S.K.: 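Next up is a structure, given as structure tokens.
Note that ligands are numbered from 1 as they come in the structure, with each ligand's atoms numbered from 1 the same way. Since this is a predicted model, take the numbers as computed values, not measurements.
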Amino acid sequence: MMNKKEIFHGSDIERIAEIYNIDINSIIKFGANVNPLGLSGNFLKKMPDLLDRITAYPDRDYVSLRKHLSEYVNTPYENIIVGNGTSELINLSIRAVNPGNATIIAPAYSEYANSLEKIGSKCKYASLKKENDFILKEDQIDDLFDGDTKMLITCNPNNPTSTLIDRDMMIKILDKAVQKNAFVLVDETYIEFTPDVKIYSSIPLCEKYKNLIVLRGISKFFASPGLRFGYAICSDENLRAAILSSQDPWSVNSLAECGVPLLLEDKEYIEKSSNYIHKEREFVYNELSQLKTLTVYKPYANFILCHIHDSNYSSADLFDICIKKGYMIRDCQTFQTLDDTYFRFCFMEHEHNEGLIKTIKEYLK
Ligand SMILES: Cc1ncc(COP(=O)(O)O)c(C=O)c1O
């Protein structure tokens, strides 16, 4: 038993296993936000025959890979940049824009602020409000660009709130950004989990808005964080050149180069994953909505944010109780604007979701 409760991130699995003295393989990763269906069947079947691609360098310009992505997201391949995970592209995009001042819609994934800090940019947070169920309201748009903000950064749907900015609101944000001469970075890491990617993705807006960069990845929906692959869509040639200018050559390895198309072409896996998450999302939301001690915010991604409103309970204690049963949830108190009354977890296999819900209900009676 620990004296002082440590706060862990979704990827802190080795440390958690050591501290709690549990077998790492027995931990159910409710904090990692990765699709529980595992790797695509198409990828597993065809990848072994492609292993010898390691003996050659990838195409320096990744033309074939970018053409596959272009078909997948329905946008010209010239507008696509590939990278070593969304993480590399967050960093490169921020470096390319080099904003003196930037605004992050919060609570938010911590790497945006870390990347801004690396280049000495000042960052301010625009809060999604609890009283608005963590949904951005139109009257907040002016605040996003007050002062000298040259870059707005947001995640859609957002981690950790699982809430969404719809297309109409995104257009209003982009129009305001154009007026203010500012760039907008939209991280769509979780977009494929939403009820309708076509309606919610901002990629179709890239052609019109040169000040927009949309980021996507494969780590979460395609359950491939170890392959390290992400991509950016931007129609401004100069901005793309600036992003590429600080990228190392061959940043995407040959296995990702030939493996990613196998993921994207597996329509059966995509449909199955999407249907599965929709079903579990509804199940979990309905189950937890019944609890009087808890507020759950309507989720659009593959995870849900919950708020405990009874001071007898805390997210740190709940984490402790859950991890002893092998369920690793995310205590959200390290996110800006949240505290030790918030926790987040992603949807795993149905029986494990049931087990976690039972544990939460027993604690928050
Ligand atoms: C919002 C968000 N963006 C980006 C990433 C990192 O993605 P990648 O593995 O593609 O670098 C994460 C990982 O948790 C995330 O939550």
S.K.: Mind telling me whether Y297 and F134 have parallel, tilted or perpendicular rings, with 30° and 60° as the class edges?
M.R.: perpendicular
S.K.: Identify the closest protein heavy atom to atom 9 (O) of ligand 1: which residue and atom is it, and at what distance?
M.R.: S219 OG, 2.6 Å
S.K.: Of the side chain and backbone of F303, name the one, both, or neither that has a heavy atom under 4.0 Å from an atom of ligand 1.
M.R.: neither
S.K.: Is the ring pair F30/F345 parallel, tilted or perpendicular, if the boundaries are 30 and 60 degrees?
M.R.: perpendicular
S.K.: Verify the distance criterion only: is there a donor paired with an acceptor across the side chains of S201 and E188 at less than 3.5 Å?
M.R.: yes
S.K.: Which atoms of ligand 1 sit under 4.0 Å from any heavy atom of R228?
M.R.: 8 (P), 9 (O), 11 (O)
S.K.: Any heavy atom of C155 sitting closer than 4.0 Å to ligand 1?
M.R.: yes
S.K.: Give the atoms of ligand 1, by number and element, whose distance to some non-hydrogen atom of Y190 is under 4.0 Å.
M.R.: 1 (C), 14 (O), 15 (C), 16 (O)
S.K.: Can you confirm if the NZ or CZ of K298 lies within 45° of the ring axis of Y285 and under 6.0 Å from the centre of its six-membered ring?
M.R.: yes
S.K.: For atom 14 (O) of ligand 1, find the nearest protein heavy atom and state the residue, atom name and distance (0.1 Å precision).
M.R.: K220 NZ, 3.0 Å
S.K.: Is the distance from the ring center of Y363 to that of Y313 below 6.0 Å?
M.R.: yes
S.K.: Test of understanding: given a 4.0 Å heavy-atom threshold, classify the contact between T189 and ligand 1 as side chain, backbone, both, or neither.
M.R.: side chain
S.K.: Hey, can you tell me if Y109 and Y112 have their rings parallel, tilted or perpendicular (30° and 60° cut-offs)?
M.R.: perpendicular
S.K.: Of all the heavy atoms in Y231, does at least one lie under 4.0 Å from an atom in ligand 1?
M.R.: no
S.K.: I need the atoms of ligand 1 closer than 4.0 Å to a non-hydrogen atom of G85, numbered in the order shown.
M.R.: 10 (O), 11 (O)
S.K.: Among protein heavy atoms, which lies nearest atom 12 (C) of ligand 1, and at what distance?
M.R.: Y109 CZ, 3.4 Å
S.K.: Report yes or no: does D187 have a heavy atom closer than 4.0 Å to ligand 1?
M.R.: yes
S.K.: Which is it for N91 and E88 under the side chain to side chain donor-acceptor pair (under 3.5 Å) test, yes or no, and what are the steps along the way?
M.R.: CA-CA 5 Å; N91 222 347; E88 186 193 28; over 6 Å; no
S.K.: Out of curiosity, is E88 lining ligand 1, as in a heavy atom under 4.0 Å away?
M.R.: no
S.K.: Going by the order shown, which atoms of ligand 1 are within less than 4.0 Å of some heavy atom of Y112?
M.R.: 1 (C)
S.K.: Among all protein heavy atoms, pick the one closest to atom 11 (O) of ligand 1 and tell me residue, atom and distance.
M.R.: S87 OG, 2.5 Å
S.K.: Should M151 and I105 be counted in the same cluster of Ile, Leu, Val, Met, Phe, Trp and Tyr side chains packed under 4.5 Å apart?
M.R.: no
S.K.: Does either side chain, that of N33 or that of R330, offer a donor lying less than 3.5 Å from an acceptor on the other one?
M.R.: no
